[in-house]
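Note on naming: letters A, B, ... go to the chains in the order of the sequence lines (proteins, then strands), and numbering restarts at 1 for each one. All of these numbers come straight from a predicted model, not from anything done at the bench.
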2 protein chains.
Amino acid sequence: MSQRNTGVTPQVVNAHACPVREVLDRVAGKWSVQILVAAAQGPIRFTELERGIEGISRRMLTLTLRNLERDGLVTRTVYPTVPPRVEYELTPVAQELHETLQRLTDWAERNRVYIAEARAAYDVERQPELLDA
Amino acid sequence: MSQRNTGVTPQVVNAHACPVREVLDRVAGKWSVQILVAAAQGPIRFTELERGIEGISRRMLTLTLRNLERDGLVTRTVYPTVPPRVEYELTPVAQELHETLQRLTDWAERNRVYIAEARAAYDVERQPELLDA
DNA sequence: CCGTATCCTGGTCGATACTG
DNA sequence: CAGTATCGACCAGGATACGG
């Protein structure tokens, strides 16, 4: 592989067997989903994204946007004004993705308490001695 | 945090703002989804999982199962026979999750070609000099 | 305003060897 | 059969500084 490490998601050697994993690899990055969500309402500027997504660094914002753009999930439009202005917008395909992600959100919200309790119970079960520290 | 590193997913310091990320953190692990899929048809044994999921190591299978169990997504049942027999089964909550993951799969399959082409186009655009190597 | 380049750290996973 | 323990590699992502 003659390509240097550009920070872009490297291509897989053995193609994915499972299509679910394929999506996840695209979306499992720490910031991908939040960008998709933030951009779902319409075109949005770089700085708006940066301000809207708590804790994201400029680097990761750029990197994640590039990957999304590479996969055809966002479009990048540069307006050659001064100061420069760049807008990102979800493609129709990404809009679909965003809708299915919404199902996941629903699931998470319906079951977040259940999961939290399961965790708590499990942890108590396995590490009871840590309770009196 | 007085807990040693047991290989179990560490708890987050700052709680998740976004509920989508909460799901993803639970499912984004390299093997979680494949385990959920493999177990979706009914109770399944450790070795069956190991054989069914190409490339998974014993270690990762155990680790991922533990995390899923901890989150209340799978149940672990030990039959004290000899040789021992352990069965894993999805909880109803995980069954729901599995269904929504199915939507993601559908999306992936509908759009895999589109994405592959987007990638190819993007890469050519950015690294044309690599074509004649 | 919108990035890129570099350096560095910690968490994830694979390999391997050992147990009830 | 169904695990656990240990070590090491690798890379995603944070901090920081610079550029058009």
Side-chain angles (χ1 to χ4, degrees), chain A residues 1 3-14 21 24-35 39 43-69 74 76-88 126, chain B residues 1 3-14 21 24-35 39 43-69 74-89 126:
Chain A
M1 197 102 357
Q3 190 168 349
R4 277 195 318 122
N5 178 9
T6 56
V8 190
T9 305
Q11 35 294 92
V12 275
V13 195
N14 303 332
R21 273 242 53 86
L24 288 176
D25 287 344
R26 217 144 265 125
V27 148
K30 191 171 179 183
W31 304 106
S32 310
V33 178
Q34 295 183 61
I35 291 181
I44 188 169
R45 300 183 58 175
F46 186 87
T47 315
E48 293 178 314
L49 284 167
E50 195 176 11
R51 276 192 297 256
I53 302 176
E54 176 121 17
I56 196 171
S57 68
R58 197 158 272 172
R59 172 182 136 85
M60 284 317 292
L61 181 53
T62 307
L63 239 47
T64 312
L65 283 170
R66 288 294 171 278
N67 281 321
L68 293 174
E69 190 193 356
V74 305
R76 177 173 180 271
T77 315
V78 182
Y79 298 93
T81 60
V82 34
R85 170 157 151 251
V86 181
E87 285 192 349
Y88 293 90
R126 304 266 299 203
Chain B
M1 196 95 6
Q3 188 166 349
R4 277 194 321 123
N5 177 11
T6 54
V8 189
T9 304
Q11 33 293 89
V12 277
V13 194
N14 305 331
R21 273 241 51 86
L24 287 176
D25 287 345
R26 216 145 266 127
V27 148
K30 192 171 178 183
W31 304 105
S32 309
V33 179
Q34 295 183 60
I35 290 180
I44 188 170
R45 300 181 59 174
F46 186 87
T47 314
E48 293 178 314
L49 284 168
E50 195 178 10
R51 275 192 299 255
I53 302 176
E54 176 121 16
I56 196 171
S57 67
R58 197 158 275 173
R59 173 181 135 85
M60 284 317 294
L61 180 54
T62 307
L63 239 46
T64 311
L65 282 170
R66 288 293 172 276
N67 280 320
L68 292 174
E69 189 192 357
V74 305
T75 58
R76 178 173 180 273
T77 315
V78 182
Y79 299 92
T81 59
V82 36
R85 170 158 152 246
V86 180
E87 285 191 347
Y88 293 91
E89 185 173 15
R126 305 266 300 202

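- The shortest side-chain heavy-atom distance between B:R66 and B:T62 falls under the 4.5 Å cut-off.
- Nearest approach of A:I56 to A:I35, heavy atoms of both residues: CD1-CD1, 4.5 Å.
- Contact annotation for A:Y79: no contact, since no heavy-atom pair falls under 4.0 Å across all strands.
- Side-chain nitrogen and oxygen atoms of A:R76 include at least one within less than 4.0 Å of the OP1 or OP2 phosphate oxygen of C:dG3.
- When the P atom of C:dC18 is taken as reference, atom CZ of B:R58 falls 15 Å away, rounded to whole Å.
- Atom pair B:E50:CD and D:dT4:C1' shows a separation of 14 Å (rounding to whole Å applied).
- For A:N67 and D:dG13, the CG to C1' distance is 13 Å, given to the nearest whole Å.
- The nearest pair of heavy atoms linking B:Y88 to B:R76 is OH-NE, 3.2 Å.
- Atom C1' of nucleotide D:dA2 and atom CD of B:E87 are separated by 13 Å, given to the nearest angstrom.
- The separation between B:L49 atom CG and D:dC1 atom P is 14 Å, rounded to whole Å.
- Summarising the geometry of B:E48 relative to B:I44, their closest heavy-atom pair is OE1-CG1, 3.3 Å, with the distance given to 0.1 Å.
- Nearest heavy atom pair, residue A:L68 against residue A:S32, reads CD1-O, 4.3 Å.
- Along DNA chain D, the nucleotide nearest to B:T62 and the one nearest to B:R51 differ in position, and the one closer to the 5' end is contacted by B:R51.
- Contact annotation: A:R66 side-chain N/O to C:dT4 OP1/OP2 distance is under 4.0 Å.
- Here D:dC1 is the nucleotide among D:dC1, C:dC13, D:dG14 with the atom lying nearest to any side-chain atom of B:P83.
- At D:dA2, one or more side-chain N or O atoms of B:R45 fall inside 4.0 Å of OP1 or OP2 (strictly under the cut-off).
- A donor N or O paired with an acceptor N or O is not found under 3.5 Å between the base of D:dG3 and the side-chain atoms of B:R59.
- If you take CG of B:L61 and P of C:dT16, they are 18 Å apart, rounded to a whole angstrom.
- Regarding A:M60, its CE atom lies at a distance of 11 Å from the C1' atom of D:dC11, rounded to whole Å.
- Distance B:I53 CD1 to D:dA2 C1': 15 Å, rounded to the nearest Å.
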